[in-house]
Amino acid sequence: MLQPLALGAWFPRIPQVQESIGLSEGTLAIALMGMPLGLLVALSFGSKLAELLGTRGLLTFGLGGYLIAMPAPAFATSGPVLFGALSLAGVCMAIAQLSLNVTASEVEARSDSSIMNGCHGYWSIGVLLGSAIGAAMAEARVSPGAALSIVSAVSFIPLIFVARHITNYPLPAAPKLQARSGRPSRPLIYIALFGFGIATTEGAMADWLAVFMTNIFDASPGIAGASYTVFALSVALGRFQGDALKSRFAVEKLAQCLVVLALAGLLIALVSPTIWLSFAGVALLGFGVSLGFPLAVSAASVLKGRSSAANVAILTQLTLCGFLIGPPIIGLVAEFSNMRIGLAALIPALLLAFLFARALKSQPPS
């Protein structure tokens, strides 16, 4: 819950950083690609690093770098500098989050109980609290750089303390049979395509929601930032219900129903004539995407042929392509039309998630 505080505090400040640098929607979209690109780069070697360091060492290394790097984007003076700062933060965040996901999957496998959705729920609470802090500081006119520096500094000691005392799981290297083929299995690709649609939507809300509220409804910095807080709250509530829902319903049917809710919420948010009705759509959208990534992680981590770390790293790497493709598409569409039409580009992504939700069903890997 502590780890995403700084990340959550960043999202409400994006419109102010955009304004201070003087970036158009299209240029901002390219700059925002820095974080997912950094994530992808880190995940290309993350599983090997996990096998070398174990979960404890990986988490300590990732968290330390992440907390140092996370305030940097708020001090950016140009689009390229913002891109570079977000790339560095993305590399460090990927290493930390890979360790957290692998640790959760190892505990889940050893205890024979479902905890993944709850873990992601606490992560969402951290994003929620961070976004609330960021929105409050924006309304109080605390500069983005000062706000992110304060949040990172306050988080540093408790996070490193926890990282050093977390259970250390040594992660074996991939079996020789799978090591001969670098290609992901078909079930893993299908699960990743489901995750791609969800991640594209979730990432777009992080990057563009406050900008959307500012441009369409002329919201103040605090209100625009609060829109992402509403989204994060809804995601957290959904994830805390996830383990119970997963035990009662077939996972693929549950995922499809949630995607339908997300589509309905997106449409409400886009066509709403008032900001408060748009907030309601955002809340429904958040609940709809809340379980997507945790369900995908649980499904991928138990596939045979690779270690859980390798499966989760590959899943995350493929899924994060949505963060790379989504921001520029939305930004470019918005630059030549408006933010309503820009965010409507998420509809195909959610339809893709609906189609491949069937891959989450338990099945022997091919």
> Between Ile14 and Leu28, does the side chain to side chain contact (heavy atoms under 4.5 Å, CB included) criterion hold? Intermediate values first, please.
CA-CA 9 Å; Ile14 292 175; Leu28 175 64; 4.1 Å; yes
> To the closest 0.5 Å, what do you measure between OG1 (Thr201) and CG (Leu266)?
7.5 Å
> Please determine whether a side-chain nitrogen of the Lys or Arg among Glu139 and Arg13 lies less than 4.0 Å from a carboxylate oxygen of the Asp or Glu.
no
> Would Leu58 and Leu52 count as a side chain to side chain contact (heavy atoms under 4.5 Å, CB included) here? Give the steps.
CA-CA 9 Å; Leu58 190 72; Leu52 178 66; over 6 Å; no
> What's the shortest heavy-atom distance between Thr319 and Gly195, and which atoms?
CG2-O, 3.1 Å
> Got Asn338 and Asn215 here, is their nearest side-chain heavy-atom distance under 4.5 Å?
no
> Would you find a donor on one side and an acceptor on the other, under 3.5 Å apart, between the side chain of Ser234 and the backbone of Val230?
no
> Any sub-3.5 Å donor-acceptor pair from Glu335's side-chain atoms to Gly26's backbone N or O?
yes
> Does His165 reach the side chain of Arg56, with side-chain heavy atoms less than 4.5 Å apart?
no
> Ignoring hydrogens and angles, write down the donor-acceptor pairs under 3.5 Å from the side chains of residues 83-97, residues two or more places apart or on other chains.
from: Ser87; atom 1: OG; to: Gly34; atom 2: O; distance (Å): 3.2
from: Ser87; atom 1: OG; to: Phe83; atom 2: O; distance (Å): 2.8

> So Leu303 and Ser185, do their side chains get closer than 4.5 Å, heavy atoms only?
yes
> Can you name the nearest heavy-atom pair linking Ile275 to Phe217, along with the distance?
N-CE2, 3.5 Å
> Taking all non-hydrogen atoms of both residues into account, name the closest pair between Ala210 and Phe11 and its distance.
CB-O, 4.3 Å
> State, to 0.1 Å, how close Ala163 and Leu63 come at their nearest heavy-atom pair, and which atoms those are.
CB-CD1, 4.0 Å
> Spell out, as yes or no, whether a donor-acceptor pair under 3.5 Å connects the side chain of Arg164 to the backbone of Leu159.
no
> Just so I know, are the side chains of Val235 and Phe287 near enough to count as touching, which here means a heavy-atom distance under 4.5 Å?
no
> Which heavy atom of Ala353 sits nearest a heavy atom of Val259, and at what distance?
CB-CG2, 4.1 Å
> Find out whether Val289 and Phe231 are in side-chain contact, i.e. whether some heavy atom of one side chain is under 4.5 Å from a heavy atom of the other.
yes
> Please answer whether the main-chain N or O of Leu128 pairs with a side-chain N or O of Ser131 as donor and acceptor at a distance below 3.5 Å.
yes
> Give a yes or no answer on whether the side chain of Gln18 reaches the backbone of Leu23 with a donor-acceptor pair at less than 3.5 Å.
yes
> Check the surroundings of atom CZ in Phe45: do more than 12 heavy atoms from other residues, nucleotides or ligands lie under 6.0 Å from it?
yes
> So do Leu258 and Leu254 actually touch side chain to side chain, heavy atoms under 4.5 Å?
yes
> Report yes or no: do Ile30 and Ile329 belong to one cluster of Ile/Leu/Val/Met/Phe/Trp/Tyr joined by side chain heavy-atom distances under 4.5 Å?
no
> What's the separation between atom CG in Leu82 and atom OG1 in Thr27, rounded to the nearest 0.5 Å?
11.0 Å
> Got Ile198 and Leu295 here, is their nearest side-chain heavy-atom distance under 4.5 Å?
no
> As an exercise, state the distance from CG of Leu261 to OG of Ser290, rounded to the nearest 0.5 Å.
9.0 Å
> I'd like to check Asp207 versus Met35 (side-chain heavy atoms, cut-off strictly below 4.5 Å). Are they in contact?
no
> Can any side-chain N or O of Ser247 pair as donor or acceptor with the backbone N or O of Ala244 at less than 3.5 Å?
yes
> With a sphere of 6.0 Å drawn around CZ of Phe75, does it hold more than 12 non-hydrogen atoms of other residues, nucleotides or ligands?
yes
> Taking it one step at a time, do Ile21 and Thr77 satisfy side chain to side chain contact (heavy atoms under 4.5 Å, CB included)?
CA-CA 6 Å; Ile21 301 175; Thr77 55; over 6 Å; no
> Identify the two heavy atoms, one from Ile330 and one from Ala204, that lie closest to each other, and give their separation to 0.1 Å.
CD1-CB, 3.4 Å
> Counting distance only, does the side-chain N/O of Ser278 pair as donor-acceptor with the main-chain N or O of Thr274 below 3.5 Å?
no
> Give, for atom CZ of Phe293 and atom CZ of Phe194, the distance between the pair rounded to the nearest 0.5 Å.
11.0 Å
> Assess, by modelled atom type and distance only, whether the side chains of Ser149 and Ser152 contain a donor and an acceptor separated by less than 3.5 Å.
no
> Please check if the side chain of Arg358 supplies one atom and the backbone of Leu355 the other of a donor-acceptor pair under 3.5 Å.
yes
> Passes side chain to side chain contact (heavy atoms under 4.5 Å, CB included), Met205 versus Leu343? Steps please.
CA-CA 9 Å; Met205 292 298 102; Leu343 285 183; 4.2 Å; yes
> So, does Arg239 use its side chain to make a donor-acceptor pair with the main chain of Leu291 at under 3.5 Å?
no
> Can the ring centres of Phe356 and Phe196 be said to be less than 6.0 Å apart?
no
